[in-house]
Trainee: 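One structure coming up, written as structure tokens, with questions to follow.
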Number of protein chains: 2
Amino acid sequence: MEPIDPLAPLTPPEGGDHEDSIDRIRRAWSSLRPEMDTSVVGTIGRIIRASRHIVMLSDEALEQFDINRGEFDVLSALRRSAVPLTASELARSLVTSNAAITKRMVQLERSGLAVRERDDRDGRVVRLTLTPAGVDLIDVAVPAQLAFEESVAAVIAEPRREQLEETMRILLAELERRTAD
Amino acid sequence: MEPIDPLAPLTPPEGGDHEDSIDRIRRAWSSLRPEMDTSVVGTIGRIIRASRHIVMLSDEALEQFDINRGEFDVLSALRRSAVPLTASELARSLVTSNAAITKRMVQLERSGLAVRERDDRDGRVVRLTLTPAGVDLIDVAVPAQLAFEESVAAVIAEPRREQLEETMRILLAELERRTAD
DNA sequence: ACGATTCATTTTACCCGTAAAATACTTTCA
DNA sequence: TGAAAGTATTTTACGGGTAAAATGAATCGT
């Protein structure tokens, strides 16, 4: 199982932009193993690294609301849903385990931001809803989070940004197809 | 603190491609709060989600080598470095904590894939190197990982892929500048 | 109608990460 | 020179995630 395109050249950093950690990693590999095609880390590797940075920074931004990213994801999913979600539905929609949803809901109930209620029709199911305090919090936290993300994305000017969105939709759709089994 | 561009329309999925989870999330928000500009999740949100999927899938791919992603990152960083790295250098280069490096190195020493040696000149420092077994393992695992990533990136055809790389370099360089403090 | 099966959620036992304290060594400078 | 400050790593205490087992409820098939 070898890389597909055997001799791709290292793309040099473009225009006025600076070298990043991925350029350095690829340069190191290319001096050790010049025949190895590492071009794929130029896209996939950067997506993984960038995501780590964004998540770290946005976790800091969420501290002001005394919630972490897991709780933010639960609160905003419940807020934007027209109907109360079940634990499993929420787990699927957030690409996480049921156990994680239970933990987060325990914490959110302690903080008075959300509640779990047994379904009348099916006693196995719990329906998750926000409390008024939860609604108030997330209605401030979501715009703050969007503003933070916008401050990051601001370095990407049109038409790059539009292209990025289209390309990432193609990629994410493929990944979600794979994970669907 | 409100979103910057107040009334961006929802971009419909393009060409032959399918809707993804981010399209559904944005549609849900737009029906609850039509005035809120969620366009930034079209890029940043997709990067975060795609990264989660890629990492989950590649963790599965690493199971065949009996290592996890943290250990893979350590092994490949040591492999591509011309000189033995110190624990701190490695932590910085992998954007992780020193404590995480210690834990991973304990595990890698147990598996006989890497070793820590006190520096002669400075007794505080440890120099990290691969064992021959570690070199052998990572020399197989890196091409396998590249092949896996290539199988994911394959859905992105040129010239999109080249554009994606350039755009992600701009974004990652900015994020690394921010994190540098 | 009722035992077997299936299903939703929670609990358990663990893994892996971090921040901050502890440890061990080096450098600084009075 | 030697006490104080600085630095590199490890340890500790804990947070948050998962897989798999346990629990409790619904449904299926005879």
Side-chain angles (χ1 to χ4, degrees), chain A residues 48-49 51-53 55-60 62-63 66-75 78 84-111 114-129 179 181, chain B residues 48-49 51-53 55-60 62-63 66-75 78 84-111 114-129 179 181:
Chain A
I48 294 171
R49 284 227 166 190
S51 172
R52 283 174 53 85
H53 282 283
V55 167
M56 284 169 49
L57 290 170
S58 89
D59 282 348
E60 285 175 36
L62 288 174
E63 276 172 24
D66 279 305
I67 55 176
N68 60 32
R69 177 157 270 272
E71 290 156 7
F72 175 86
D73 288 345
V74 168
L75 293 176
L78 295 182
L85 295 172
T86 72
S88 308
E89 286 167 350
L90 189 55
R92 220 172 310 126
S93 131
L94 300 182
V95 196
T96 188
S97 65
N98 281 359
I101 299 298
T102 299
K103 279 199 181 181
R104 295 176 194 178
M105 283 304 302
V106 167
Q107 179 53 42
L108 289 170
E109 285 190 329
R110 277 211 200 97
S111 326
V115 289
R116 288 176 289 181
E117 291 165 316
R118 285 270 155 223
D119 189 299
D120 299 331
R121 311 192 158 203
D122 186 337
R124 295 169 300 183
V125 173
V126 292
R127 304 242 154 232
L128 313 177
T129 51
T179 311
D181 302 333
Chain B
I48 294 171
R49 283 228 165 189
S51 173
R52 283 174 54 86
H53 282 283
V55 167
M56 283 169 48
L57 290 170
S58 88
D59 282 348
E60 285 175 35
L62 288 174
E63 276 172 23
D66 279 305
I67 54 175
N68 60 32
R69 177 157 271 274
E71 289 156 9
F72 174 87
D73 288 344
V74 167
L75 293 176
L78 295 181
L85 295 172
T86 71
S88 308
E89 286 166 351
L90 189 55
R92 221 171 310 124
S93 132
L94 299 182
V95 197
T96 188
S97 65
N98 281 1
I101 299 298
T102 299
K103 282 201 179 180
R104 293 175 195 178
M105 283 303 303
V106 167
Q107 180 53 42
L108 289 170
E109 285 191 328
R110 277 211 199 96
S111 326
V115 289
R116 287 176 289 182
E117 291 165 316
R118 284 270 156 223
D119 189 298
D120 300 329
R121 312 190 158 204
D122 186 338
R124 295 167 300 183
V125 173
V126 292
R127 304 241 155 232
L128 313 177
T129 52
T179 311
D181 302 334

Trainee: With respect to the phosphate group of D:dT18, does any side-chain polar atom (N or O) of A:Thr96 fall under 4.0 Å of OP1 or OP2?
Mentor: yes

Trainee: Quick check on D:dT10: is either OP1 or OP2 less than 4.0 Å from any side-chain nitrogen or oxygen of B:Arg116?
Mentor: yes

Trainee: Nearest-Å distance, NZ (B:Lys103) to C1' (D:dT9)?
Mentor: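 Rounding to the nearest Å, NZ of B:Lys103 and C1' of D:dT9 are 15 Å apart.
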
Trainee: Specify the separation, in whole Å, of atom CG of B:Leu90 and atom C1' of D:dT9.
Mentor: 13 Å

Trainee: Answer yes or no: does a side-chain N or O of B:Arg104 lie under 4.0 Å from OP1 or OP2 of C:dG17?
Mentor: yes

Trainee: For the side chain of A:Arg127 and the backbone of A:Arg118, is there at least one donor-acceptor N/O pair under 3.5 Å apart?
Mentor: no

Trainee: Please give, in whole Å, the distance from D:dG16 C1' to A:Leu108 CG?
Mentor: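 To the nearest whole Å, that distance equals 13 Å.
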
Trainee: Could you tell me how far apart B:Asp122 (CG) and C:dT28 (P) are, to the nearest whole angstrom?
Mentor: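 The answer, rounded to whole Å, is 12 Å.
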
Trainee: What's the CD1-P distance between B:Ile67 and C:dC16, to the nearest Å?
Mentor: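 Value for this atom pair: 12 Å.
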
Trainee: Which nucleotide wins on minimum distance to the side chain of A:Val125, given the candidates C:dA13, D:dT10, C:dA8?
Mentor: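 That would be C:dA8.
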
Trainee: For B:Glu89 and D:dT7, what is the distance between atoms CD and P respectively, to the nearest whole Å?
Mentor: 15 Å

Trainee: Which nucleotide, C:dT9, C:dT18, D:dG17, lies nearest any side-chain atom of B:Ser97?
Mentor: C:dT18

Trainee: Check every strand shown and say whether B:Ala100 touches a base, only sugar-phosphate, or nothing at a heavy-atom separation below 4.0 Å.
Mentor: base

Trainee: Measuring to OP1 and OP2 of D:dG16, would you say a side-chain N or O of A:Asn68 lies under 4.0 angstrom away?
Mentor: yes

Trainee: Which is more 5' along DNA chain D, the nucleotide nearest B:Ile101 or the one nearest A:Ala99? Just name the residue.
Mentor: B:Ile101

Trainee: For A:Asn98 and B:Asn98, find the nucleotide of DNA chain D closest to each by heavy atoms; which residue's nucleotide sits nearer the 5' end?
Mentor: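 Comparing both residues, the 5'-ward one is B:Asn98.
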
Trainee: In whole Å, I'd like the distance from the CZ atom of B:Arg92 to the C1' atom of D:dT7.
Mentor: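 Roughly 12 Å, once rounded to whole Å.
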
Trainee: Closer to the 5' end of DNA chain C via nearest nucleotide, is it B:Arg124 or B:Glu71?
Mentor: B:Glu71

Trainee: Rounded off to whole Å, could you give me the CD-to-C1' distance for the B:Glu117 and D:dA8 pair?
Mentor: 17 Å

Trainee: Quick one: are A:Leu62 and A:Glu71 in side-chain contact, heavy atoms under 4.5 Å?
Mentor: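 Not in contact.
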
Trainee: Please examine the side chains of A:Met56 and B:Val95, heavy atoms only from C-beta on, and report whether any two atoms are closer than 4.5 Å.
Mentor: yes

Trainee: Given A:Leu90, which partner from the list A:Leu85, A:Asp73, A:Val126 fulfils the side-chain contact (heavy atoms from CB on, under 4.5 Å) test?
Mentor: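 The single option meeting the side-chain contact (heavy atoms from CB on, under 4.5 Å) with A:Leu90 is A:Leu85.
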
Trainee: If you pin B:Gly70 and A:Arg118 to their nearest nucleotides in DNA chain C, which one's is more 5'?
Mentor: A:Arg118

Trainee: Report the distance from atom CG of A:Leu128 to atom CD1 of A:Ile101, rounding to the nearest 0.5 Å.
Mentor: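 Reported to 0.5 Å precision, the distance equals 7.5 Å.
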
